[in-house]
Amino acid sequence: MNSLKRFREAMQRGTPDRVPVAPMVNVPHASRVLGVKPWEYVTDNKLYVKGQLKAWRLYGYDWIFNHQPIQGITREERRAMRVENGFVVLPTELGTTLKIPLEGGPAVKEPALKSYDELDKLEMPDLDKPERWEPLKALLEKTKGEVYICSKVPAPFHYAAEWMRGMENFMLDMITQPREVHRLLEFMTEVAIEIGKRQIDLGTHGIMMEDPSAAAQVISPVHYREFAYPYEKKVCSALRKYGGEVIIHICGDTTPILEDLAKTGASCLSVDESVDLRDAKRRVGNRVALFGNVSVDTIYRGTRAEIEGNVEKCITSAGSEGYIVSSSCGLHAGTPIENLKVMVNAGKKMGAR
Amino acid sequence: MGEEIKKAVIEGKIYEIEELVNAALEHGEAANDILKDMISGMEVVSDLFERRVYYVPETLLSAHAMQRGLDIIRPLLNYDKVEVQGKVLIGTVAGDVHDIGKNLVSMFLEGAGFEVKNLGRDVPTQVFVEETRKYKPDILGLSAMMSTTIVKMREVIEALEEAGLRDDVLVIIGGAAASESYAREIGADGYASDAAKAVKLCEKLMKERGKRELVKEVPRSHAARHA
Ligand SMILES: [Zn+2]
């Protein structure tokens, strides 16, 4: 069984020859593997592909997480890039300006919307530009069906909060102007679905939607059900109907909303370390596959024995049916390559039938 | 009136609070009493937050309501009579543009009666040192959300030592990238995992600091007597 078949089998809640291993490799980690600065990696489509392939070959995990938020960087975006007091400043076509420290991962500098009046003028980023799809195409071409390629779509709630309004504004907007918030979320849902459909057309094997702003420590289950869930559901069901399969990830203790997550139409839930995999399996295992949740702290600073112990605990709790062993969240920047090797190898060994 | 103002803070009535505060002032209530009402409202909020009844949106709303009330009474406060718990300088370290958690801590501390100076985000190490020298805080709070920027916390502590200021200020850390063990590793005085815990930590540290001063003072006075 190759990685692609193995991963697909697990996503369909089957039992492959061994549990697939799929750590959530992100911009800081892949650029570290490639030996370039995170900003170089994320703003150059060729370097991006190179880094992804290098990390995949180095670790031999079963997926490639195609993690650029609105996919490849276009020529116009690259042209608008500039350096300002030790930061790379990158205006994106969603209207958000990103700020990337010379040594760290990207963060939002200027959210796109100062007020909701600007919402009517907002346009879908141009998805016809060929550069957007260069990375996905190259990854599919170079890996020739060997490995599961999972592409990111921007989760409506998270991107509305972090990219469009800024977290603090958005949190207040939820209470003071909920109607406008819903209008923005509708727009972001369209963006996500459109990006997802293009990825499916090009042949991506799966889709990842990370919604960290909807984290369980941040908003209540009530707000989750009003503002995050309906749009997650719209995206997941639309993409499922279109022939895609979605993994959904929310940080923090999602124990109270597991049943909701299972009803979004996602094929697989990626859960953080505070979720008990055995309990999750019992509650939603008949609807979705599970993905997780080896502590990113342990992978970052644990000993070999601690990392292996954590992997073993995950596999014993989740079982080998419909389960993919992964990190609990995106890897910490600075995670040593040796430690991630320990995690991946332990997963391969302990997840074998 | 006092109960109403307290309630307005708890419920985050950002539109009504200004009117309530103005009415209370017209009624002849002292700004200091209004401040007390708002602080007792924020105490309730901080408790609700800790018990996971309130989450970030509800808590932010209350904090903003308090800010609006505070803006009106600030010029009228009789500072001799305000029981300031302590002075806190707070900021997110260089290279890190995350703000929201640190702002919550800052607003909670103000709500608990601390005087707070918020330096914002992406604050260079040297600025922390200069501001510590100028503002003379009791406590310096450092925030970092990313594992790439957390190293800056150690840098700030080392720079304070070099500048000879480390003994004058208690350093506490927080944010997604920080942890109890990291605080110990870099020699910080404390760590808090959320805004409510940060207030408790600052209160505890201020009490201990009082004791520490006493410990220093007593031998000094003894020595003076035998000089
Ligand atoms: Zn996460």
Side-chain angles (χ1 to χ4, degrees), chain A residues 26-29 31-32 37-38 85-87 97-110 161-162 166-176 178 181 212-224 226-227 251-253 256 296-297 300-301 329-335, chain B residues 11-16 48-65 67-68 92-104 106-107 118 120-125 144-152 176-182 185 193-197:
Chain A
N26 46 15
V27 174
H29 195 78
S31 55
R32 183 187 180 99
K37 304 275 186 221
N85 335 309
F87 283 88
T97 301
L98 297 181
K99 186 172 176 183
I100 318 173
L102 292 176
E103 302 295 334
V108 171
K109 181 178 189 276
E110 286 296 340
E162 183 89 2
M167 259 294 236
E168 192 161 334
N169 288 335
F170 190 79
M171 292 285 123
L172 294 172
D173 297 343
M174 283 167 60
I175 302 176
T176 56
V181 168
S213 296
Q217 316 92 302
V218 179
I219 59 167
S220 63
V222 174
H223 274 153
Y224 170 77
E226 185 181 347
F227 294 103
C251 312
D253 189 0
V296 285
D297 292 331
Y300 179 55
R301 57 180 131 218
C329 197
L331 295 174
H332 285 312
T335 295
Chain B
E11 291 173 2
K13 301 262 185 239
I14 53 171
Y15 303 117
E16 289 91 333
L48 291 171
F49 181 69
E50 203 171 18
R51 290 194 286 120
R52 292 264 178 279
V53 180
Y54 272 19
Y55 289 74
V56 173
E58 299 82 2
T59 307
L60 270 176
L61 199 66
S62 290
H64 276 255
Q67 284 298 325
R68 291 193 178 185
T92 305
V93 298
D96 205 322
V97 292
H98 293 88
D99 229 5
I100 186 167
K102 184 245 333 154
N103 286 349
L104 259 185
S106 160
M107 292 190 266
N118 187 342
R121 52 191 191 171
D122 184 19
V123 179
T125 298
M145 294 300 283
M146 313 194 300
S147 36
T148 35
T149 53
I150 189 167
V151 289
K152 293 285 170 189
S179 67
E180 190 76 56
S181 62
Y182 186 70
E185 191 185 316
S193 56
D194 66 41
K197 295 206 181 82

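Chain letters run A, B, ... following the sequence lines, proteins first, then strands; residues in each count from 1.
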Name the region of [X], side chain, backbone, both or neither, that has any atom closer than 4.5 Å to a heavy atom of chain B.
X      : result
A/I219 : both
A/M174 : side chain
A/A215 : neither

CG-CD1 distance between B/L61 and A/I175, expressed to the nearest 0.5 angstrom
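The distance works out to 4.5 Å.
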Is there a side-chain contact between [X] and [Y], using heavy atoms and a 4.5 Å cut-off?
X      : Y      : result
B/Y55  : A/P221 : yes
A/H223 : B/E58  : yes
B/L104 : A/E168 : no

Under 4.5 Å from any heavy atom of chain A - which part of [X]:
X      : result
B/Y54  : neither
B/D194 : neither
B/S179 : side chain

Checking A/T176 against B/I14 for the side-chain contact (heavy atoms from CB on, under 4.5 Å) test, could you report, in this order, the C-alpha distance in whole Å, the side-chain angles of both residues, the deciding distance, and whether it holds?
CA-CA 9 Å; A/T176 56; B/I14 53 171; 3.7 Å; yes
With side-chain contact (heavy atoms from CB on, under 4.5 Å) as the criterion, how do B/D122 and A/K99 come out once you've worked through the C-alpha distance, each side chain's angles and the decisive distance to 0.1 Å?
CA-CA 11 Å; B/D122 184 19; A/K99 186 172 176 183; 3.3 Å; yes
